[in-house]
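Notes follow the structure.
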Amino acid sequence: MGQQHQHLEPTGDSLADEAKHTLEQQGEQWTDMRSAIFEVLAGFEKPASAYDIADLVSQKRGKRVAPNSVYRILDVFVNNNLAMRVESANAYIANAHPGCVHDCIFLVCETCGEATHIDDDTLSQGVRKVAQSHGFVPERPVMEVLGRCAKCA
């Protein structure tokens with residue numbers, strides 16, 4: 001098996017604090033709207049769409065938040081490693097360890113929608129090497145395994 005590792009998984013306020021710190025280290029601002037979107041995103045147990053996030057933020061703030069605004073902030077989060085995009089679901093999950101950068105592998109359950117995030121540097125480096133051997137410069141490998149989780153199998 002590849003080189004897997006475990007992280008301390010911060011939650012709640014400690015995760016939000018780590019996300020804020022990580023974003024500010026990158027020269028970005030932690031605004032009230034970014035904070036609200038991150039809090040809602042981190043509260044989801046499954047990958048969430050920008051529309052799901054916009055609906056909940058709108059409810060909490062008492063005024064409509066446009067999905068386009070949420071998409072822009074999610075792009076900032078993904079680019080700064082605060083969130084990860086599950087491509088096959090067109091949805092996002094909060095990164096439980098934003099200070100740590102790895103190529104992510106997702107195990108996506110087609111029954112319940114759960115996405116389990118795995119770090120396996122050996123596997124992801126292998127994918128990068130194969131791409132490079134074909135003259136391709138990989139920026140962000142997207143690795144998703146579709147199937148059924150242990151609960152649904």
Side-chain angles (χ1 to χ4, degrees), residues 1-23 25-26 28 30 33-57 65 67-153:
M1 173 111 32
Q3 187 167 339
Q4 294 183 344
H5 53 274
Q6 299 294 320
H7 295 278
L8 174 63
E9 302 276 325
T11 58
D13 289 343
S14 65
L15 178 57
D17 289 345
E18 191 170 336
K20 177 180 188 277
H21 177 71
T22 300
L23 193 63
Q25 279 187 320
Q26 300 300 321
E28 295 278 355
W30 186 255
M33 181 61 78
R34 288 178 178 181
S35 176
I37 289 172
F38 188 83
E39 177 186 329
V40 166
L41 175 63
F44 278 93
E45 291 184 16
K46 297 177 185 174
S49 74
Y51 290 90
D52 295 333
I53 296 165
D55 287 346
L56 273 179
V57 172
V65 175
N68 284 344
S69 298
V70 174
Y71 272 119
R72 281 193 295 278
I73 290 173
L74 289 170
D75 284 345
V76 170
F77 288 172
V78 169
N79 290 334
N80 288 281
N81 205 36
L82 304 185
M84 297 170 286
R85 186 167 188 263
V86 180
E87 302 287 338
S88 62
N90 191 24
Y92 300 82
I93 60 173
N95 186 351
H97 40 92
C100 189
V101 179
H102 296 278
D103 295 326
C104 297
I105 302 166
F106 289 106
L107 307 178
V108 182
C109 181
E110 294 179 306
T111 302
C112 71
E114 184 176 292
T116 302
H117 168 233
I118 298 172
D119 289 328
D120 187 324
D121 294 332
T122 302
L123 180 60
S124 63
Q125 287 303 316
V127 170
R128 285 179 173 275
K129 285 179 185 173
V130 167
Q132 290 166 344
S133 74
H134 286 86
F136 190 81
V137 179
E139 290 183 15
R140 185 177 63 94
V142 176
M143 293 174 272
E144 297 181 13
V145 179
L146 303 178
R148 287 192 312 271
C149 68
K151 294 180 286 190
C152 295

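Model, not experiment: these values are computed from the prediction.
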Identify the heavy atoms of [X] and [Y] that sit nearest to each other, and give their distance.
X: Ser124; Y: Met143; result: CB-CE, 3.4 Å
X: Pro47; Y: Gly113; result: CD-O, 3.3 Å
X: Thr22; Y: Asn80; result: CG2-O, 3.8 Å
X: Glu144; Y: Ser88; result: OE1-OG, 2.5 Å
X: Cys112; Y: Lys46; result: O-NZ, 2.8 Å
X: Ala115; Y: Phe106; result: CB-CD2, 4.3 Å

Any chance you could measure [X], atom [atom1], to [Y], atom [atom2], to the nearest 0.5 Å?
X: Lys20; Y: Gln25; atom1: NZ; atom2: CD; answer: 11.5 Å
X: Tyr92; Y: Tyr71; atom1: OH; atom2: OH; answer: 6.0 Å
X: Arg128; Y: Glu139; atom1: CZ; atom2: CD; answer: 9.0 Å
X: Ile93; Y: Leu41; atom1: CD1; atom2: CG; answer: 8.5 Å

Q: Given side chain to side chain contact (heavy atoms under 4.5 Å, CB included), test Val76 with Arg72 step by step and report yes or no.
A: CA-CA 7 Å; Val76 170; Arg72 281 193 295 278; over 6 Å; no
Q) What side-chain hydrogen bond (donor to acceptor under 3.5 Å, both in side chains) pairs are there with at least one residue in residues 104-114, not counting sequence neighbours? A) Glu114-Lys151
Q) Step by step, would you call His117 with Leu107 a side chain to side chain contact (heavy atoms under 4.5 Å, CB included)? A) CA-CA 7 Å; His117 168 233; Leu107 307 178; over 6 Å; no
**Q.** side chain to side chain contact (heavy atoms under 4.5 Å, CB included) between Thr116 and Cys149, worked out
**A.** CA-CA 9 Å; Thr116 302; Cys149 68; 5.8 Å; no
Q) For Arg34, which of Leu82, Leu74, Ile73 qualifies under side-chain contact (heavy atoms from CB on, under 4.5 Å)? A) Ile73
Q.
Taking the side chain as everything from C-beta on, heavy atoms only, tell me whether Asn90 gets closer than 4.5 Å to Arg85.
A.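 When only atoms from C-beta onward are counted, Arg85 and Asn90 do touch, with a gap below 4.5 Å.
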Q) Trp30 vs Phe77 aromatic rings, parallel, tilted or perpendicular, using cut-offs 30° and 60°? A)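 The arrangement is parallel - the two ring planes meet at less than 30°.
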Q: Take Val57 and Val70 through the side chain to side chain contact (heavy atoms under 4.5 Å, CB included) test and state the conclusion after the steps.
A: CA-CA 9 Å; Val57 172; Val70 174; 5.7 Å; no
